[in-house]
Each structure stands twice: as structure tokens, then as C-alpha cells.
Amino acid sequence: MRVLLVGAGGVGTAVTRIAARRPFFELMVVADYDPVRAEAAVAALGADGDRFRAERVDAGDEAQVTALLRRHGCDVLLNATDPRFVMPLFRAARAGGAAYLDMAMSLSRPHGERPYEECGVKLGDEQFAQAAEWEEAGLLALVGMGVEPGLSDVFARYAADELFDEIEEIGVRDGANLTVDGYDFAPSFSIWTTIEECLNPPVVYEKDRGWFTTEPFSEPEVFDFPEGIGPVECVNVEHEEVLLVPRWVDARRVTFKYGLGREFTDTLRTLHLLGLDRTEPVTVPGPDGPVEVSPRDVVAACLPDPATLGDRMHGKTCAGTWVRGTKDGAPREVYLYHVVDNRWSMGEYGCQAVVWQTAVNPVVALELLAAGVWSGTGVLGPEAFPAGPFLDLLTEYGSPWGLREQ
């Protein structure tokens, strides 16, 4: 397998460090708009970097990406950029005859008149609209294959196949007890993506109603997370699992709730109130005249890069899927989860917990594809594949998952 990895930020760098320990691929080309970042990711691997090459690429330039795929004979593109670049990279992969993996799907757009009741353009709609073309080309686009979405979807598939006869509700629940020394507000993941998913109208799925939306941060609940994290208030957030799970798993209701905490949600509400969550450029004075800037990009520039926070970070992060239904005629409720301790991920890989937890899952998926254990054509989510091989290989990577009866 020859892989083009686009994006050498925190998650992309973690991908290289995890993949370097596995023998399943021949070459991984690490490409970024900033060649210094790509070169640094490869150089950090030392003697383990023989199968890696650094390149510069503009993720928004489809022709440039396609040319890079062909030049290195890559048969798969792994997208580790932010969601703005999903569609150009998605199209470039197909044009280059390569399979495609991402960890976040094409962006949504709220309903123009009823944003907190009806869906507009949903996450992934643009990708699923091209599913027939991918099938006709005999190519696979595996979408939403990070941790959430990704591992959480694998858990949903596993629950449906192994743990339940009927499923009433599948609810992804994400929480952490992470703190960062020296910062009152320092998101552990891309603030651009965090704003996008937290301030857009959350989507809920109900079998009798289909997909619909609610107000941001709706339906608060306290969820008790395992391995010492404890109770965290979780709220509805727009996320890909709600759009993916019902396509392959029979459940009466599907939700996603994020353990943000009151202070975090208040900060996001303030950004929205001030218009600082907007992506459309505004004109501001500059030393050489007016300059157009995106308010959200300014917010991102004012905050620390999450990839650099590992040495100051303490605690654990938990991604998991709560499932309620029946087995053998009796009610059952379980939480399937994956916890990463920042101390462990920093000591073992030099990567903070959240980016490492995101990065390990596409690497596992790539290995399953390389071995032919997972295969398919078209635009497919993680739920479309058998869950057991994935969970077994994740454990083999030294990062086991857990199951708690509720």
C-alpha cells in the first residue's frame, strides 16, 4: 500500500508516528501546505522514517493533489486536514484513481427558514451524492473514520451484531477530565472544527421521524465516564455519527452528546454572540490598507495549537457509544468506550491524547484495507464493515477498548 497523507498538523503527525511501527504499507507521502511541517513530521521519525516522504501540497487545489497521487503511485489518500478541504480532496482521490479516507465529512448548511427544526444540507450529503460515481469507478471512499466519527461507529456496528437483538437508542457520548497548565481556555482539538460542530444546529435521528435538528447545546444530561473521569455534563452537538449510523444500523433513535462543560459552552456562545464564529471575511484596517479576514480564523490564530499542548496537559479523554435495547427478551444497556491517558500517549508517542486517539483509528482501518479484511466500493461509513477485526487490531496496537454494563 502507498499512502498520501494530506495534513501534517497534530493528527497527521500522530498518524505518522503510529504508522511507522506497522509494516503494512510501502510508502507514506506526508504532504502539507507548509513544507516545514511535513518535513518536521518525517524528520521526527528518525530511523523509522525510511518509508516516508515529505511534500508540499495545497489541499484546495484538486489538480495538484491528483498529480501528487500519480507521481508517487499512491493508491489511497488519507485526509488529515480540517473539513473545509474534504470535497477537493475527495474529488482529487477519485480523479487519481485512489481510495479515500477522512475523519470528518463534508460540511453542512443549516435550513434557511427553520434551522432548529429541519435539516438543510447535512454532514456528508455532498459525498454521498457521489456514491454512484465511486462505485462505477470501483473505488472506496471510507468516510468518518477517526475516533468520533469512526471508532464510535464501529462500536455501534459491534453492538448491533454481537450484543443486542433490538436497539432502542444509540447515543455517542464523549467526555474528558483534561486540563492544560497555564491556560483558562485551550481546546484540545482544532477550534475551527469545534466551533463548526458545536454552534451548528445539532441533528437527531428518530426512526419514525427521520433526521431533524434542535437548538445548540440542547438536552443536557450528566454522563458518568469510566476510568476515573467521572460525571460530565453532555449536550447535543452536530456530529457525523447521527448521519452515518442509521444508514447501516437499525435503531429507533441516534444522538451525539459532547461533554463540553458549562464554561466551554458559555465561551462558544459568546463567540457566536459577537460574530466571531463566522467564516465569511470581514474588512479590517491593515498597515497597507484594508484587509479581509475570517473572524473564525482570527480566533484560531489567538489560541494555542492543540498539537503543542501535550506537555502541559493532564488527564484522560474518553470516546464511546452508549446503547440501549433488548437481548434475549431482556432489557440491556451498555457503554462501549476507548480511553486514552495523556501521560501514556505523550510518553509512548509524544502526542497529546486527543490527537493520538483520533489518529490511531484511520491507521487501523488502512491496515485492514491493506490486508483485504475490509473491502468495498462506493461511499461507505465504518458501520458498513465487520467490527470485530477492527477492535481486535486496535487492541493489538496497544490501546484496548472497554465495555461497561449500565
Side-chain angles (χ1 to χ4, degrees), residues 1-22 24-33 37-38 41-42 45 49 51-60 62 64-66 68-106 127 134 139-147 149-151 153 190 193 240 307 351 355-371 374-376 379-382 385 390 393-394 397:
M1 175 179 277
R2 297 171 72 88
V3 181
L4 172 59
L5 168 65
V6 182
V11 172
T13 296
V15 164
T16 64
R17 296 179 185 182
I18 297 164
R21 303 187 184 188
R22 307 297 297 185
F24 68 87
F25 66 97
E26 175 188 352
L27 173 71
M28 182 173 288
V29 179
V30 183
D32 197 277
Y33 187 79
R37 291 208 308 181
V42 172
L45 300 174
R51 294 175 294 154
F52 294 79
R53 301 287 181 274
E55 292 276 7
R56 183 194 180 278
V57 75
D58 180 349
E62 294 175 35
Q64 194 180 121
V65 175
T66 300
L68 189 59
L69 281 165
R70 290 173 174 159
R71 176 148 56 89
H72 288 282
C74 295
D75 44 23
V76 60
L77 187 159
L78 173 56
N79 176 3
T81 64
D82 75 51
R84 288 174 290 183
F85 299 105
V86 163
M87 288 312 296
L89 292 174
F90 181 76
R91 290 189 292 261
R94 184 160 62 86
Y100 170 87
L101 275 78
D102 63 28
M103 291 164 266
M105 296 172 65
S106 59
Q127 290 171 287
W134 281 80
L139 294 171
L140 170 65
L142 173 49
V143 296
M145 191 61 255
V147 60
L151 178 57
D153 304 76
S190 162
T193 304
E240 286 89 345
C351 299
V355 298
W356 189 92
Q357 188 182 45
T358 303
V360 67
N361 296 287
V363 180
V364 172
L366 284 173
E367 184 161 348
L368 292 174
L369 293 172
W374 278 11
S375 63
V379 180
L380 302 177
F385 302 91
F390 187 100
L393 190 54
L394 180 66
Y397 273 50

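Since the model is a prediction, treat every value here as computed from it, not as a measurement.
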When rounded to the nearest 0.5 Å, the distance separating CH2 of Trp134 from CG of Leu380 is 11.0 Å

Heavy atoms of Ala38 and Val30 approach each other most closely as CB-O, 3.4 Å

Here the pair of heavy atoms bringing Cys74 nearest to Val29 is SG-CG2, 4.1 Å

*Quick one: does Leu140's side chain get under 4.5 Å of Ser375's, heavy atoms only?*
no

Exam field: side chain Thr358 to backbone Val147, donor-acceptor pair closer than 3.5 Å: no

Report yes if the side chains of Glu62 and Met87 come closer than 4.5 Å at any heavy-atom pair, otherwise no.
no

Of all heavy-atom pairs linking Trp356 and Ala14, the shortest is CA-CB, 4.2 Å

inquiry  = Pair Asn361, Met145 - check side-chain contact (heavy atoms from CB on, under 4.5 Å), show working.
reply    = CA-CA 7 Å; Asn361 296 287; Met145 191 61 255; 4.1 Å; yes

Interatomic distance, CG@Leu5 vs CG@Leu101, rounded to 0.5 Å, equals 11.0 Å

* Hey, does Met28 have a side-chain heavy atom less than 4.5 Å from the side chain of Leu45? -> no

Sub-4.5 Å side-chain heavy-atom contact between Val379 and Phe90:
yes

Per side chain to side chain contact (heavy atoms under 4.5 Å, CB included), Val65 is matched among Asp58, Asn79, Leu4 by Leu4

* Can you check whether Phe385 reaches Leu142 side chain to side chain, under 4.5 Å on heavy atoms? -> yes

Would you say Leu369 and Phe24 make side-chain contact, with heavy atoms under 4.5 Å?
-> no

Heavy-atom nearest pair, Ala95 first then Arg70, reads O-NH2, 2.7 Å

Would you sort out whether Arg22 and Tyr397 count as a side-chain contact (heavy atoms from CB on, under 4.5 Å), showing the intermediate values? CA-CA 9 Å; Arg22 307 297 297 185; Tyr397 273 50; 3.4 Å; yes

Checking Asp32, Thr13, Val42 against Arg37 for side chain to side chain contact (heavy atoms under 4.5 Å, CB included), the one that qualifies is Asp32

Is there a side-chain contact between Leu151 and Phe390, using heavy atoms and a 4.5 Å cut-off?
yes

d(Thr81 OG1, Met103 CE) to nearest 0.5 Å is 8.0 Å

>> With heavy-atom distances below 4.5 Å as the criterion, would you say the side chains of Tyr100 and Arg94 are in contact?
In response: no

Here the gap from Thr16 atom OG1 to Arg21 atom CZ, rounded to the nearest 0.5 Å, amounts to 11.0 Å

Next item on the list: Taking Arg56 for its side chain and Tyr33 for its backbone only, find out whether a donor-acceptor pair lies under 3.5 Å.
Entry: yes

Nearest heavy-atom contact between Gly144 and Pro382 is O-CG, 3.4 Å

Here the gap from Glu240 atom CD to Met105 atom CE, rounded to the nearest 0.5 Å, amounts to 6.5 Å

(request) Start with the C-alpha gap between Leu366 and Phe25, add the side-chain angles, then the distance that decides, and say whether side-chain contact (heavy atoms from CB on, under 4.5 Å) holds. (result) CA-CA 9 Å; Leu366 284 173; Phe25 66 97; over 6 Å; no

In terms of heavy-atom contacts, Ala93 and Leu69 come closest through CA-CD1, 3.9 Å

Of Glu55, Arg53, Arg2, the one forming a side-chain hydrogen bond (donor to acceptor under 3.5 Å, both in side chains) with His72 is Glu55

